[in-house]
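Single-structure report; data block below.
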There are 2 protein chains.
Amino acid sequence: MRHVGAREDLIREGDRPDDVQLILEGFACRYKVLPDGQRQIMAYLIPGDICDLHVAILGQMDHSIATLTPCKIAHISQAAVLELTTKHPSIHHALWWNTLVDEGILREWLVTMGRRPADKQLAHLFCELLVRLQTVGLASQNSFDFGVTQEELGDTLGLSSVHVNRVLQQLRDGDLIVLKDKRLTVVDVERLKLFADFDPLYLHLTRRLPPALAQGMAS
Amino acid sequence: MRHVGAREDLIREGDRPDDVQLILEGFACRYKVLPDGQRQIMAYLIPGDICDLHVAILGQMDHSIATLTPCKIAHISQAAVLELTTKHPSIHHALWWNTLVDEGILREWLVTMGRRPADKQLAHLFCELLVRLQTVGLASQNSFDFGVTQEELGDTLGLSSVHVNRVLQQLRDGDLIVLKDKRLTVVDVERLKLFADFDPLYLHLTRRLPPALAQGMAS
DNA sequence: CGCTGTATTGACCTCCTTCAAATGCGGTGG
DNA sequence: CCACCGCATTTGAAGGAGGTCAATACAGCG
């Protein structure tokens, strides 16, 4: 268990750690950096998410993970993970299930990046975060703390920070969102979902891995 | 076991089938269609790949799968999958491993779509397919059959078919590839990899699920 | 109160899209 | 063997979404 500041690497591409990390508080992200210095963020990790289960199976990280905000992190030894997964099929199943949901999110992000204009990209991302954060009790009906930079939003959606800025203004002007003091408020959730063409099916909310179970693994 | 023509759906978003499909021959793809009719392809499925293992775990498809070329498909009952995974931890592990590799591919695609220009997008995709097809014996040192349409390539990379066409010509002019008669030949593999900034780490080739094992499941 | 990092704005540019037409080509029926 | 059809590829011209560069404003903080 440890505290980490914002914008610090939790694990880097190529690493072969012998433990697995679990986010208890704060936001983190998976990312890769290209030779020319461009960065692409490929996932947001929120409390309850396991960072690098891959390592226990694949042996080596094929991407890096960094905090976006200050975080509280739990460490679980890989041996413990292996024991849990081999001795408790239900946990193995739950973790696999979790992996499949992550895959679903990645696919939806691909749709977003490939086929949605910038304003809907942002809107869609906000819808997803609202729903995901609600399931772990970190969002109200229509708002949540969101200390992510416009630069980081750009790296997430494949946009420049300048363009993110302009599009955010559009969304504000259209009365879709309020983003102020590191808090995002959705003015009318249904309207934003409609605008973003957001269908939560891909999150498979009905059977999410209970954060309690995940946290239980830490002990 | 059945034969399917090109451009036919194998399974659709929302379906809850009670079997799982395995590609024995041909190419297929995962895709979603937006309300405005735009399509995004999110994965290529090649022989040895399991289409919709998700269903056995998540219960419902959150995307569709269609053939790109004529295919030979094997069906495996979900009951058989569940029995295999519960009774044979090694198979469970192998399938999970497979899922994680698919996730790695999705992340790399996200990088491609977000941060690479069109010419490198195509080059990177070709590198990936070359390597993946080599591992299942369907590509020579530098070429493979590739009956995918420019329109479909566009839907894969988030580009218009017109632009795909022009960029393909650039790649041909640059002597990087030859794409003719539904066969893709890479003129100089190392040069293309360099151009595309292709690093196969994300494919985790060292431990791929042996196609033989996958096919064994069909019986 | 100055420093540092983020947000904002403006001007210009370009990669990629859209629309529309033309070309090529494998199959099919006569 | 040829005419014709449907589909994919190719080409051209014009437009737009988003990028780059650079300056400015702003906010938190030591």
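Only a predicted model underlies this, so the values are computations on that prediction, with no experimental measurement involved. Letters A, B, ... are given to chains in the order of the sequence lines, protein chains preceding strands, and every chain is numbered from 1.
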Let me spell it out: for each of A/Gln169 and B/Ser161, pick the nucleotide of DNA chain C with the closest heavy atom. Which residue's pick is nearer the 5' end?
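This one resolves to A/Gln169.
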Please list each protein N or O that sits under 3.5 Å from an N or O in nucleotides 10-16 of chain C, with the distance.
residue, atom, partner, partner atom, Å
C/dG10, N7, A/Arg166, NH1, 3.1
C/dG10, O6, A/Arg166, NH2, 3.3
C/dA11, N6, A/Arg166, NH2, 3.1
C/dC16, OP1, B/Ala118, N, 3.2

Just the endpoints, please: which first and last nucleotides of DNA chain D, 5' to 3', lie under 4.0 Å from a heavy atom of chain B?
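Listing 5' to 3', DNA chain D meets chain B from D/dA8 to D/dA13.
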Would you please name every residue forming a salt bridge (charged side-chain N to carboxylate O under 4.0 Å, His left out) with A/Arg30, sequence neighbours left out?
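For A/Arg30 there are no salt bridge (charged side-chain N to carboxylate O under 4.0 Å, His left out) partners, ignoring immediate neighbours.
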Considering residues at least two apart in sequence or located in another chain, which fulfil the salt bridge (charged side-chain N to carboxylate O under 4.0 Å, His left out) criterion with A/Asp15?
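Partners of A/Asp15 under the salt bridge (charged side-chain N to carboxylate O under 4.0 Å, His left out) test: none.
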Please say which of A/Leu171, A/Thr185, A/Asn142 ends up in a side-chain contact (heavy atoms from CB on, under 4.5 Å) with A/Val178.
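With A/Val178 as partner, A/Leu171, A/Thr185, A/Asn142 yield a single side-chain contact (heavy atoms from CB on, under 4.5 Å), made by A/Thr185.
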Which donor-acceptor pairs under 3.5 Å do side chains of residues 192-202 of chain B form with protein atoms, sequence neighbours excluded?
residue, atom, partner, partner atom, Å
B/Asp197, OD2, B/Arg116, NH1, 2.9
B/Asp199, OD1, B/Leu201, N, 3.0
B/Tyr202, OH, B/Glu128, OE1, 2.7

Might you point out which heavy atoms bring [X] and [Y] nearest each other, and give the distance in Å?
X        : Y        : value
A/Leu22  : A/Ile50  : CD1-CG1, 3.7 Å
B/Ile46  : B/Ile23  : O-CB, 3.8 Å
B/Ala118 : B/Leu159 : CB-CD1, 3.8 Å
B/Thr156 : B/Met113 : O-SD, 3.9 Å

Restricting to nitrogen or oxygen on both sides, can you table the protein-nucleotides 4-6 of chain C pairs closer than 3.5 Å?
residue, atom, partner, partner atom, Å
C/dT6, OP1, A/Arg7, NH1, 2.5

Tell me what B/Arg115 touches on the nucleic acid: a base, only sugar-phosphate, or nothing, going by heavy atoms under 4.0 Å.
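No contact.
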Are any of A/Asn165's side-chain N or O atoms less than 4.0 Å away from OP1 or OP2 of C/dA7?
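Checking C/dA7 against A/Asn165, no side-chain N or O comes under 4.0 Å of OP1 or OP2.
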Please output the side-chain donor-acceptor pairs of residues 147-155 of chain B that fall under 3.5 Å, not counting sequence neighbours, one pair per line with the distance.
residue, atom, partner, partner atom, Å
B/Gln150, OE1, B/Asn165, ND2, 3.0
B/Glu152, OE1, B/Thr149, N, 2.9
B/Asp155, OD1, A/Arg115, NH2, 2.7
B/Asp155, OD2, B/Arg39, NE, 3.0
B/Asp155, OD2, B/Arg39, NH2, 3.2

Send over the distance from B/Lys182 NZ to C/dG24 P, rounded to a whole Å.
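That distance rounds to 19 Å.
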Rounded to whole Å, how long is the line connecting atom NZ of A/Lys180 with atom C1' of C/dA7?
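About 14 Å, once rounded to whole Å.
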Atom pairs and distances, donor-acceptor, side-chain atoms in residues 3-10 of chain A, under 3.5 Å, two or more places apart:
residue, atom, partner, partner atom, Å
A/Asp9, OD1, A/Tyr31, OH, 2.6
A/Asp9, OD2, A/Arg12, NH1, 2.5
A/Asp9, OD2, A/Tyr31, OH, 3.2

Who pairs with A/Phe144 by ring pair (Phe, Tyr, Trp, His ring centres under 6.0 Å), at least two apart in sequence or on another chain?
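Testing A/Phe144 for ring pair (Phe, Tyr, Trp, His ring centres under 6.0 Å), a comparison that skips the adjacent residues, returns A/Phe146.
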Qualifying residues under ring pair (Phe, Tyr, Trp, His ring centres under 6.0 Å), relative to A/Tyr44, sequence neighbours excluded
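In terms of ring pair (Phe, Tyr, Trp, His ring centres under 6.0 Å), with neighbours along the sequence ignored, A/Tyr44 is linked to A/Trp109.
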Five pairs at each end of the helix from C/dC1-D/dG30 to C/dG30-D/dC1: take the axis at both ends and give me the angle between them to 10°.
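Inter-axis angle at the ends, rounded: 30°.
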All pairs passing salt bridge (Lys or Arg N to Asp or Glu O under 4.0 Å) where residues 60-75 of chain B contributes a residue, at least two apart:
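Residue pairs passing salt bridge (Lys or Arg N to Asp or Glu O under 4.0 Å), neighbours aside: A/Arg107-B/Asp62, B/Glu25-B/Lys72.
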